[in-house]
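Notes to accompany the following structure.
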Amino acid sequence: MPETQQQWNVTGTSGFDSLKLNSSAPVPTLTDSAVLVKLSAASLNYRDLAIPNGKYPFPVASNVIPGSDGAGTVIAVGKAVTKFKEGDKVLTLFNQGHLAGSLDFAAIGTGLGGAVDGTFREYAAFSEQGLVHQPPSLSFLEGSTLTCAGLTAWNALYGLKALKPGDYVLTQGTGGVSIFAVQFAKAAGAKVIATTSSAAKTEKLKSLGADHVINYKETPGWGEEAKKLTPGGQGVQHVLEVGGPATMAQSLKAIAFDGVISIIGFLGGGDHEKQPGFLDCLMNICTVRGVLVGNRMQFEEMNRAIEANGIKPVVDEKVFKLTELKEAYQYMWDQKHFGKLCISME
């Protein structure tokens, strides 16, 4: 066991130059209730880009090790640990204290790579409560995509009002959450309407099972178009809203009565003054819900579904090394990725 490791820290909020690599950081010591993991892969989320730019709305610790998503192998366990043993392949839980039920203030303060040290390093010690077993059919790169994007999509589709066969789901774009939503919805026997901006991405979405793909640049009124594609023009039961104020009006035009719009991101920016108001929820008789990933119980449910249905996470063809983390941030910022962008520590 080495005594030192490579790890990244976020040293400020001046942009990606705030990311600093420490090549001689100490390997964590093991406590009685902790699990020591040799990390093999991690994946990036938009949140990771927001933190060094000072644009993340939740708690961030000073000089934090970034990264919420990690996959690796247990190399040692404390004497009080019962859930894991040496050699187990494990994945990190995003909010380490969110084990079941609804999120609370205490659990928000346990977010990996924000409030507490994360996964962009070679070795990490976690509470046994903050890990789950990796689905056996997945590689470390594939497994590392589940912590945030996979679980967020699962929570959106099952956390409040469970998706049913025959339901219609509307996804936006080709980011990690949206692609997982396509895969999970198809496995559940639902119909998927996806939006994107390019012909190449249209073909990829169809290959993943999307039943209809709308080019939002060619069809600015894509919400109304999506509604027309549903039986009787009644609308979709679930929308995964990743664009924020810029796209919310169209999501409301697409939603069916008693449908659920899960607000996941704020990628689109846009004019907050022009976004819909609360009365629009009444006019459309729908639920609009904020989603911040999900709990460990949901993670374990999702992993069983992934294994049972042979679902393979979509990993971008370009994989970065741990030492290339800054380049990976820029690659994702420039929106060059399709699916999940991963870091290999191997």
Side-chain angles (χ1 to χ4, degrees), residues 5-23 25 39-58 60-71 92 94 111-114 117-122 124 140-150 152 172-180 196-198 200-201 204 217 242-244 246-247 264-270 293 313-346:
Q5 64 168 330
Q6 293 185 321
Q7 75 175 37
W8 288 86
N9 295 85
V10 182
T11 60
T13 54
S14 59
F16 299 158
D17 285 338
S18 302
L19 294 165
K20 303 295 181 189
L21 178 62
N22 182 349
S23 295
L39 292 161
S40 292
S43 71
L44 277 169
N45 297 290
Y46 181 71
R47 164 193 190 252
D48 298 312
L49 312 187
I51 286 173
N53 283 303
K55 297 191 183 302
Y56 188 60
F58 297 104
V60 177
S62 175
N63 206 42
V64 73
I65 299 168
S68 58
D69 302 17
T92 54
F94 183 98
L112 282 182
D117 285 335
T119 57
F120 294 152
R121 50 179 158 165
E122 295 176 290
F140 284 127
L141 287 174
E142 291 167 338
S144 78
T145 69
L146 299 178
T147 296
C148 182
T152 299
Q172 299 171 355
T174 52
V177 176
S178 299
I179 287 179
F180 273 118
T196 190
S197 60
S198 77
K201 288 181 176 179
K204 286 185 176 180
K217 288 187 175 175
V242 299
T247 53
I264 288 149
F266 42 93
L267 294 175
V293 198
V314 177
V315 174
D316 190 82
E317 59 189 6
K318 188 166 180 63
V319 175
F320 289 84
K321 297 174 184 173
L322 184 60
T323 52
E324 300 170 329
L325 188 67
K326 264 193 215 180
E327 293 91 326
Y329 272 57
Q330 191 62 49
Y331 184 87
M332 186 168 176
W333 183 259
D334 294 336
Q335 297 185 335
K336 293 179 178 177
H337 63 296
F338 183 90
K340 290 294 293 178
L341 188 62
C342 290
I343 308 292
S344 174
M345 288 77 147
E346 295 290 307

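This chain uses plain numbering: 1 for the first residue, then up along the sequence. Values below: all heavy atoms of this structure, side chains included; hydrogens, waters and symmetry mates excluded.
Checked by atom type, the side-chain pair Asn22/Asn9 shows no donor-acceptor distance below 3.5 Å. For the residue pair Asn63/Lys20, the side-chain donor-acceptor check at 3.5 Å is not satisfied. A donor atom on one side chain and an acceptor atom on the other are found under 3.5 Å apart for Asp69 and Ser43. Between the side chains of Ser40 and Glu346, a donor-acceptor pair is found at a separation under 3.5 Å. Thr92 and Thr147 are linked by a side-chain donor-acceptor pair at a separation below 3.5 angstrom, with hydrogens and angles left out of the test.
With Asp117 contributing its side chain and Gly113 its backbone, the two residues share no donor-acceptor pair below 3.5 Å. Listed for the Thr152 side chain is no donor-acceptor partner under 3.5 Å among the backbone atoms of Val177. With Gln5 contributing its side chain and Glu122 its backbone, the two residues share a donor-acceptor pair below 3.5 Å.
Between Asp316 and Lys340 there is no side-chain heavy-atom pair separated by less than 4.5 Å. With a 4.5 Å cut-off on side-chain heavy atoms, Ser197 and Lys217 count as touching. Proximity of Ile65 to Trp8: side-chain heavy atoms (C-beta onward) are nowhere separated by under 4.5 Å. Side-chain contact between Pro66 and Leu19: present, with at least one pair of heavy atoms (C-beta onward) separated by less than 4.5 Å. The shortest distance between side-chain heavy atoms of Thr145 and Cys342 falls below 4.5 Å. The shortest side-chain heavy-atom distance between Phe180 and Leu146 falls under the 4.5 Å cut-off. The side-chain heavy atoms of Phe338 and Lys318, taken from C-beta on, include no pair separated by under 4.5 Å.
Taking all atoms of both residues into account, the shortest heavy-atom contact from Gly243 to Gln172 is N-OE1, 3.4 Å. When all heavy atoms of Ser68 and Asn45 are compared, the pair lying nearest together is OG-ND2, 3.5 Å. Residue Lys201 comes nearest to Ser198 through the heavy atom pair N-OG, 3.1 Å, listed as atom of the first residue, atom of the second, then distance.
Rounded to the nearest 0.5 Å, atoms NZ (Lys55) and OH (Tyr46) are 8.0 Å apart. Going from atom CG of Asp48 over to atom CH2 of Trp333 covers 12.5 Å, rounded to the nearest 0.5 Å. Atom CG of Leu44 sits about 5.0 Å away from atom CD1 of Ile343, to the nearest 0.5 Å. Here the straight-line distance linking atom CD of Gln330 with atom NZ of Lys326 works out to 11.0 Å at 0.5 Å rounding. Atom CG of Leu341 and atom OH of Tyr329 lie 10.5 Å apart (nearest 0.5 Å). The structure places CZ of Arg121 at 7.5 Å from CG of Leu39, a figure rounded to the nearest 0.5 Å.
Residues that satisfy the ring-ring contact (aromatic ring centres under 6.0 Å, His included) test with Phe140, not counting sequence neighbours, are absent from this structure. Under the ring-ring contact (aromatic ring centres under 6.0 Å, His included) criterion, Tyr331 pairs with Phe320, not counting sequence neighbours.
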Candidate pair Leu325 and Leu21, rule side-chain contact (heavy atoms from CB on, under 4.5 Å), full reasoning: CA-CA 9 Å; Leu325 188 67; Leu21 178 62; over 6 Å; no
As a quick check of understanding, evaluate side-chain contact (heavy atoms from CB on, under 4.5 Å) for Ser178 and Thr174, giving each step before the final call. CA-CA 6 Å; Ser178 299; Thr174 52; over 6 Å; no
Show your reasoning for whether side-chain contact (heavy atoms from CB on, under 4.5 Å) applies to Lys321 and Ser344. CA-CA 5 Å; Lys321 297 174 184 173; Ser344 174; over 6 Å; no
